[in-house]
Number of protein chains: 2
Amino acid sequence: MSSGSKSTREKILSASLELLESGQGNSVRMSDIAAKVGITRQALYLHFRNRGDLLIATTHYVDELHGGDERLIPSRTAKTGIERLDAFISAWAGFLPEIYGIGKALLALRDTDPEAAAAWDKRMQDMREGCEAAILALARDKTLIADYSPEQATDILWTLLSLRNWEQLTVECGWSRADYADHMQSMARRLFVAEVH
Amino acid sequence: MSSGSKSTREKILSASLELLESGQGNSVRMSDIAAKVGITRQALYLHFRNRGDLLIATTHYVDELHGGDERLIPSRTAKTGIERLDAFISAWAGFLPEIYGIGKALLALRDTDPEAAAAWDKRMQDMREGCEAAILALARDKTLIADYSPEQATDILWTLLSLRNWEQLTVECGWSRADYADHMQSMARRLFVAEVH
DNA sequence: TCCTAACTTTACACGGTGTCAATTGACACG
DNA sequence: CGTGTCAATTGACACCGTGTAAAGTTAGGA
């Protein structure tokens, strides 16, 4: 969609990203973005159908910039399930801060904009697959704890690693990113790995 | 604030609660509430200064109705830290569904309405004290795991029990309320109790 | 020179919140 | 009986943010 003029389109996306990343999340207005680019608000609509559309495009732009979510695909260096779990959490912990602002904005649109909701859900579903893969790797190794079914364990891991939880722990509780990564790893091991070492 | 006419004021609060509880959260409009009560939208402003005010009053109304958050005060029947942790989680699991709708609405107002944000934060701070009390009870018993400081453990428990997590597990993952309560208890034990039995 | 595409300016519709002024209806008090 | 008061109504309006529309400008290319 929205043909041509890569330059302006990209300027818009990067302005949008920059504003979103500065943490304001949902309170970033179309006019803010336009002002930042140096064009009129109306001109935004020459490139994107509506605000949700722009927000979604911004997420794709992030992927493009940072290599995207293929970073979450399990590395083949992970031999054991435990290594795979650790690697996944570590990758996710690196990825989260990059999508935080956009995530918040998309999440806030959830109730009113089905397209935005779908876009975010898609991302979260992809992420869930990573969780599931790690849990299944544990199960394959027979190191998955007996308390939960693989599906339940996936539910838990997926929830544990949610954007909201990251936000709460880093913003409200003041955890550093390293704290987050380390503790999530240790929590996940404790929750899911049978032989607690 | 907002003197007099208990009757109408209460009608408003109960209509507000009812709409909020039906899960729409933030998309409940002033006009919806007014329509439900059978008065004009403007009349709402005779009783409440603004939407945030009404939402906050609704949370107090819930407390009044259901006995409120004193249910979260640790029962004195809990001898051990572990019992206390279990009891707290169980009480919280019963309380959560009652404040879900309002919580969502208040959470959505967070960015724009500082008063609403403060009201919700206050509640969450109260709840955090319950988390802390349970963790400190474990520490007193020397059954708190060594991996985390009491404060970190409180951060984790507090985050684990967040409204958003409850929402995700019940709404998105389809857990029953009993599933939620049981699994949260078992997760908390696994995360925080030193002697894993 | 003319066409096209990007962008501008100005204006407006819509939905939601919040304010205001004038009015109605009920009830109480002297 | 008249008067005051209080809740609620009606109708209008301001503000904000999103989105649409129409007409005009500017620059580049065939």
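Sequence lines set the chain letters: A, B, ... in the order given, protein chains first and strands last, and positions in each chain run from 1. Computation of the quantities below employed the complete heavy-atom set of this structure, encompassing side-chain atoms and omitting hydrogens, waters and symmetry-equivalent molecules.
Looking at B:Arg41, its side chain comes within 3.5 Å of the base of C:dG18 through a donor and an acceptor atom.
Distance A:Leu54 CG to D:dG17 C1': 15 Å, rounded to the nearest Å. When the P atom of D:dA7 is taken as reference, atom CZ of B:Phe48 falls 13 Å away, rounded to whole Å. Here C:dA6 presents its P atom at 14 Å from NZ of A:Lys11, a figure rounded to the nearest Å. Note: CG (A:Leu46) to P (D:dG24) measures 18 Å, nearest angstrom. Whole-Å rounding puts the A:Asp32 CG to D:dC16 P distance at 13 Å. Rounded to whole Å, atom C1' of C:dT8 lies 11 Å from atom CD1 of A:Ile39. With rounding to whole Å, A:Leu44 atom CG is found 15 Å from C:dA6 atom P. The separation between B:Arg29 atom CZ and D:dG17 atom P is 15 Å, rounded to whole Å.
For the OP1/OP2 pair of C:dT8 and a distance below 4.0 Å, the side-chain nitrogens and oxygens of A:Thr40 include at least one atom meeting the criterion. The shortest distance between the side-chain N/O atoms of B:His47 and the OP1/OP2 oxygens of D:dA8 is below 4.0 Å.
By the 30° and 60° cut-offs, the orientation of the rings of A:Trp92 relative to A:Phe95 is tilted.
Of all heavy-atom pairs spanning A:Leu138 and A:Ile82, the tightest one is CD2-N, 3.6 Å.
Screening B:Asp155, B:Asp121, B:Thr154 for a side chain to side chain donor-acceptor pair (under 3.5 Å) involving B:Arg128 leaves a single residue, B:Asp155.
Side-chain contact, A:Glu167 with A:Tyr100: a donor N or O sits under 3.5 Å from an acceptor N or O.
Counting only heavy atoms from C-beta on, A:Gln42 has its side chain closest to C:dT10 among D:dA8, D:dT9, C:dT10. When distances are taken from the side chain of A:Thr8 to each of C:dA6, D:dG19, D:dT10, the shortest belongs to C:dA6. Here C:dC7 is the nucleotide among C:dC7, D:dT9, C:dT17 with the atom lying nearest to any side-chain atom of A:Ala43.
Under 4.0 Å is where a charged nitrogen must lie from a carboxylate oxygen, and between B:Lys122 and B:Asp126 at least one such pair does.
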